[in-house]
Structure formats: structure tokens, C-alpha cells
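Just so you know, these numbers use all the heavy atoms, side chains as well, and skip hydrogens, waters and symmetry mates. What you are looking at is a predicted structure, and each value in this text was computed from that prediction instead of being measured. To find a chain, count down the sequence lines: A is the first, B the second, and so on, and within it residues start at 1.
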4 protein chains.
Amino acid sequence: MMDGFQRRREQKKQDILEAALALFMEYGVQKVSISEIAQKANVSQVTIYNYFESKQKLTSGVFGYYIKKTSDDFEKLIHSNIPFPEKIKQIIFNKKEISKQIHEEFYHFMMKEYATEGNIIEKIYVEKALPYFAKLFEEGKEQGYVNPNLSQEAILFYVQMLKDYMQREEVYQKVLPLTEDITNIFFYGIIGKKE
Amino acid sequence: MMDGFQRRREQKKQDILEAALALFMEYGVQKVSISEIAQKANVSQVTIYNYFESKQKLTSGVFGYYIKKTSDDFEKLIHSNIPFPEKIKQIIFNKKEISKQIHEEFYHFMMKEYATEGNIIEKIYVEKALPYFAKLFEEGKEQGYVNPNLSQEAILFYVQMLKDYMQREEVYQKVLPLTEDITNIFFYGIIGKKE
Amino acid sequence: MMDGFQRRREQKKQDILEAALALFMEYGVQKVSISEIAQKANVSQVTIYNYFESKQKLTSGVFGYYIKKTSDDFEKLIHSNIPFPEKIKQIIFNKKEISKQIHEEFYHFMMKEYATEGNIIEKIYVEKALPYFAKLFEEGKEQGYVNPNLSQEAILFYVQMLKDYMQREEVYQKVLPLTEDITNIFFYGIIGKKE
Amino acid sequence: MMDGFQRRREQKKQDILEAALALFMEYGVQKVSISEIAQKANVSQVTIYNYFESKQKLTSGVFGYYIKKTSDDFEKLIHSNIPFPEKIKQIIFNKKEISKQIHEEFYHFMMKEYATEGNIIEKIYVEKALPYFAKLFEEGKEQGYVNPNLSQEAILFYVQMLKDYMQREEVYQKVLPLTEDITNIFFYGIIGKKE
DNA sequence: AATGAATGAGGGTTCATTCAT
DNA sequence: GATGAATGAACCCTCATTCAT
């Protein structure tokens, strides 16, 4: 159990993470200075250095925090009772509520981290997201929505890519009217279903 | 016609653009200093300021240069005689030789510019790329490769997205073995072809 | 009360102001770089930026500092017991000890600030200097040294002008031998006293 | 006599001087770059360096040009037939037509040059202005306007100072309503005339 | 003689990070 | 443990001046 000290410590750490996350998402990682984060979190710059060792490590921390926060939502969705195609739609088109307008750079900074081996984010991803995806596509295959000859990696890549893309504000706005078509292509390809 | 002066001027300008492009693509726009570009282009910093007025304008210039350079390749491909599916594959999977390893930030900086109205890049894109795409997909529809009910925008979005994604080194490496599956999904969707 | 922190802070701030003042007075504002000020004040450039936000604001600060420093001397003189003509002479001819060699540009930069409405310097001037001058010339009129028909503004203008002029090193040197005549002109005009 | 070459050369030199003078007077010496002068004079930067060796020397040249231009006006005034007090008034209060709004810094840069021994300006001043002033004050003494006990230097200094001061735009505006009083003090001092 | 091109040196400013209390 | 103070390094940009044609 945590005592009062540790609890307060944890709280302060989270304040910093929240402040940094908000700023990163709005302005991008490089444009946000430690000083600004400190100000927004109501701590001194040095306190940030006490909790995280460098901006680099803080940034990693923020990524982890963000992933953990969102992967919970993801888990819920997967386990819910709505039909398979609806799940897919939501994965692709639902922007996370916390990131109404996520900053490009932050997102891709994250994606890069995400690709690097051996970091927290990768770990969380592999431990949590992957199994859920596997489960989801098993479900899809059983219900005839997914071609069983396709490798799971390929499908996963495709979903990730779409999801990613939808995170971008300018894309999201442009593509919203095309939702039906986009979904159709995802399920039936550009050749379309034979009916 | 250009005299010796102008020719040399044009050459130097291109040297700078090339140097900047290479560095931007490798490290991103913000991480590359004018001084580094100058060094790589074998000119002094000030020379850069003589040709381009600021880093902002240089960056714009680099974007334009890049787009022009690549749109030529694109044009050639569209007009070539290879079969439709092969063209699509090449558009999606062939990384431009000049961008062996395109840097995220540069690419999205570019895409942002790209979205802004009234700039050179937008102009080139609308004037050159769009009509070619239209032509390409007409060809596809005629040959039965493309569902005629799908809006051109939706298809375009998919191609762009895939193309974009393949520009990323880390993605490229991972996805290469999945090329067949990805292409299949693009053409036939995750449900797969009915045969 | 100030604690040790604040006291040291105040001290350092004053060090910077002193260094800047000295350099501004010798070489003018534009010719003096932040780096030189930092060196003279034995701090790093950035420390200056921590105390004052920009060169512009530092310069303003230096003006305020200078004005405050000199207005105290002025107050003392006005309240002292020496005869009226002697006070006038001292106001005009006594160079402030801190400005052995005041640089033109600094001085006129200051005078410009001085003219701008709503700044500290104007405020100090209006609140402190003007009333004292008024009092001084009342005294002068009572003692028959000042023509009661003259507007206070006109007299003030003359004193200011003479005072200003004497601040210039090259003028000061040339005019010193003429002190008596200058004073005479001030009191009796170029027509001279009727005796 | 000048041939065509030399005439054109002279013309170009004057173009440069005029351009520089105008810019110096509006923005001050330090804020105006050689490049700006070149642009305004429609020549290349290097041409300026061909005529004048450095910015320093150009500046000197501009001062000389300015002085010569204005000293002619002065000469005319001294020799005109208007009464003595009116001449004084004009000297003090008439701003030179060419400098409706002379920039502080340029003016004082000039005054500093002016004070330095052995330069063109000093030379022109000593050769032309001084004798005229002497003549003027002889006239004043003869007509009873000037106290014969006052040294010429002192009077000269006083006039110069007033003239100088009036050149400043912000002073000029403020003091204009006080013209009568200022003139009175100049002639009769702050004690005023005995009537 | 005149110019377009090029540059070294320096200026103000910002930032991640460390020091000292 | 937390903070205010301090800093070295770097960045973008400007300018007087020189080079090469």
C-alpha cells in the first residue's frame, strides 16, 4: 500500500504527465519546453527532473501514460457485445475522447517510439492490444467477415493504418463524408462485393 | 535563355534545396539547423538567406521542389504500359528513390502544407496528380478492377494512405513481407475474393 | 522584509543595471551587446534574460534606475540651504557623479522614453521633479531672481536644456571656462543686467 | 571642367549621399544598412564602396554634404536685411526645410563629429559659420542688443544650444507655444527686463 | 566602372539541464 | 524533496564588407 508520501508523490507525477500530455498534443513535443510544462503542472522545472531524468524520458513517460489510458478504452470495446463490423468501424473512426485534436507531431513521435523495440509502449501493446486483436479477428473469421487466408499481421497493419490516419484532424474532416465508402473498401476492397 | 550567371545561380539554389531536402527527410525540419544545411550544401549560411529569406520560406521551397520531383515520376508511371494492378502496387509500395528514409516530421509538415489552400504544392497536386489519378481509376473501372459505385475520393484516400505509410522506414521494413496480403486487402477487402 | 534569496536577487539585478548603465553611457544602447553587459556584470547572458525579458525591457529598466538614482540627488539639492543662484548653477553645471561621460545616444534614448506617456520615468519625473522645480522657482520669484511674468514651462525648458547639454562630455569641457557668462545669460539675458 | 564621365560620376555620388541622408534622418545612422542605401540610390552596394570606402566614411561624407547644404541658408539669413532680434529668432526657431523631422541619432552623431577636431565639418564650420556669427553679434552689440562684456564663445554656445534643441521634433512641438517667453529669456534672462 | 554573389563575425533569444540552498 | 537561480550551447538572422566577373 501507498502511504501519504507516496500517494502525494504519485499525484504530482501524474500532474506532470497530464500537463505534458495536454501540451504535447496541442503543440507537438519539440515546441513545448520543460518550463512550460512545469508552469502548467504547478511545479518547478527541477521537480520534473527529479521524477523524470530528461525531456527524452519524460516524453517516453507521457507516451506510456497515454497508451495505458487509451488501451483501457480499447479493451472495453473489444469485449462489448456489438456486432463485428460495428466494432471495426468504431476502432477506425472513433477518435479517442481525450484527443479531440491531437497534434501531428506528438502522434508520430509516438508512433516512432511505438515501433522501437523494447520500450514500455511496445510492451503494453504486445501484452494487451495484440491478444485482443487476435481475439477480435478470430471472431471475425468465425462470423465470415474475415478472409481466413489473410495473415493476422496484414489485417492488423491495415486497421492500425486506418486508425492512425483518422487521428489526424485534417484527414478526419475530409474523410467523414466518405465513411460508408471507406468501410466498404475495408471489407470488400476496391473491386467491391459481388451481389 | 539563361546566361552563365543565372545558370550558376540556379545550380546553387538546387544544391541548397537538395541538401535541405536530404537533411529534412532524415532528421525532420525542426532538428535541422540552417548552419547544417549550409555545411552540407557547401555554402555559407548567409547565402541561404540570400536565396530564401527565412527558414520558413526555405522549407516551403523544399516542399515544392520535392513535390515537383516526385510528381514527374508519378506521371511516368501512370502513362506506362504495365497492367493496372501492377501500377497500383508500384504506387503504393515503390518508395521514391530519393526518399530512402523519409523523416516523419518532414513528411507531415509537408502534408500540412499540402492541406493549406493556395500554395504551390496544392496547385501542383490539383493540376497534375488528381487528373492522373482520375484517369488511372477510369482505366481500372473499365478493366473491372474498380467498383464503379465507389467515389473517387474514397479510393484516392486509400491509395494516399497506403502510399504515405509506406514512406515510413520502420513500417516499410515490417510490411514488406506482407505485400501480397496488403494488396489483396486493397483489391478484395478483408472478406476476400469470392472464388 | 527580504530574505536571503530576495536580497541576493535584488543585488544581482542591481549589478546588471549598474553594468548596463555604465556601458550604455559610454557606448550608447545599440552598440552594447547583451553579452558585453553579462561579462561586465559577471553573470551569464541568460541570467539577464531571467531578470529582464529582452534588451528592450532591460533598457527601460536601466532608464528607470538612472532616473531614480539622480532624482534623489536632485531632491537633496533643492531642499538644501544654499542661496537660489547657487542652486541653479549646481543644477545646470554639476554633472552627476555617476555619469562622468554620458553617451549621446543613451541620453537621447532616455529623453525619448522620457517623453513617452505613461511610463515609470515620466511618472517619477511628474511626481517628484516637477513639484520641486515649481517650489524652487517660487523661491526664486520671492527673492526677486525670477520674472513673475514668465511661464514656469519656459523657465523649466531652459534649465532642462542647459542641464542636458552639460551632460555631454565634449560640451562640458569646452564650456567650463564660460560658466560665469552662461550663468549670466541665463539670469540676465544677452542684453545683460542694467547697473 | 568636368567631362561626361566625371559629371555622371558626380551625379551618382550625390544620389548616394541624398539617399543616405534621407534614410539617416528618418531612421538614424545605425539602423540604416548599406544595402538599404544602395537600394534607395539605385546602385549596387559595391558602388557605394567604390565611392566611399566604408560606412564610417560614407557617414562622414553625408555629414559634410548636409552641413554644406545648410550653411548656405545660414549665410543668406545673416546677410539679409531683417532686424537683429528677428534674425536670432529665425536662427533658433526655424527648422531647416530639408529636415522637417530629423532623427535624433543622426543629429547627435553629427554633433559628435562636429565636436571632433580636424574634420570636414569642423573646417566648414570654422571657416564659414564662425565669422558670420562674429559679424552678427558685432551687429547686435552695436545696436545695443548684446551685452559687450559677454564673451563671443558664451553667446555662441547659447545660440547653438537653443538651435540644437529646436531641431528635436518632440521638443519643437512642446515649446512652440512658449516662443515668446523663450525669446524673452534669451534676451533678458529669467530676471526679465526692467521697465 | 559596376555588379551579383558570397561571407565572417556578431546579435538577440531560447532551451534543456545543473547548482546551491 | 523541492525550488529559485544560473548557465553553455545552439539557433535564426543581419550586416558591413570582399570576391569574381
task: Return no unless some side-chain N or O of D:Tyr51 is found under 4.0 Å from OP1 or OP2 of E:dA2.
output: yes
field: Taking every non-hydrogen atom, the tightest pair across B:Val29 and B:Phe24
entry: CA-CD2, 3.8 Å
task: Specify the separation, in whole Å, of atom CG of A:Asn50 and atom C1' of F:dG4.
output: 13 Å
message: Is there a side-chain contact between A:Lys12 and the phosphate of F:dG1, meaning an N or O under 4.0 Å from OP1 or OP2?
response: no
query: Which whole-number value in Å describes the distance from C:Tyr49 OH to E:dG11 C1'?
result: 8 Å
statement: Side-chain contact check for D:Lys55: nearest option of F:dA6, F:dC12, F:dT17 is F:dT17
- line: In DNA chain E, consecutive runs of at least three Watson-Crick or G-U pairs below 3.5 Å, as range with range, amount to E:2-21 with F:2-21
field: Residues which pass side chain to side chain contact (heavy atoms under 4.5 Å, CB included) with C:Ala19, listed by chain and number, not counting sequence neighbours
entry: C:Ile37, C:Lys40, C:Ala41
query: Mind checking what makes side chain to side chain contact (heavy atoms under 4.5 Å, CB included) contact with B:Gln39, not counting sequence neighbours?
result: none
- prompt: How do D:Ser54 and B:Ser54 order along DNA chain F: which one's closest nucleotide is nearer the 5' end?
  reply: B:Ser54
- request: Round to the nearest Å and state the distance from D:Gln30 atom CD to F:dA16 atom P.
  value: 10 Å
DNA chain E contacts made by residues 31-47 of chain D, counting heavy atoms under 4.0 Å: D:Ser44, D:Val46, D:Thr47
- prompt: Expressed in angstrom and rounded to an integer, what is the separation of D:Ile48 atom CD1 from F:dT18 atom P?
  reply: 14 Å
message: Show the nearest heavy-atom pair for residues D:Lys55 and D:Gln30, with the distance to one decimal.
response: NZ-O, 4.0 Å
Residues in salt bridge (Lys or Arg N to Asp or Glu O under 4.0 Å) contact with A:Lys31, at least two apart in sequence or another chain: none
query: Mind checking what makes side chain to side chain contact (heavy atoms under 4.5 Å, CB included) contact with A:Glu36, not counting sequence neighbours?
result: A:Leu23, A:Val32, A:Ser33
- prompt: Is A:Lys13 close enough and on-axis enough to A:Phe52, meaning under 6.0 Å and within 45°, for cation-pi?
  reply: yes
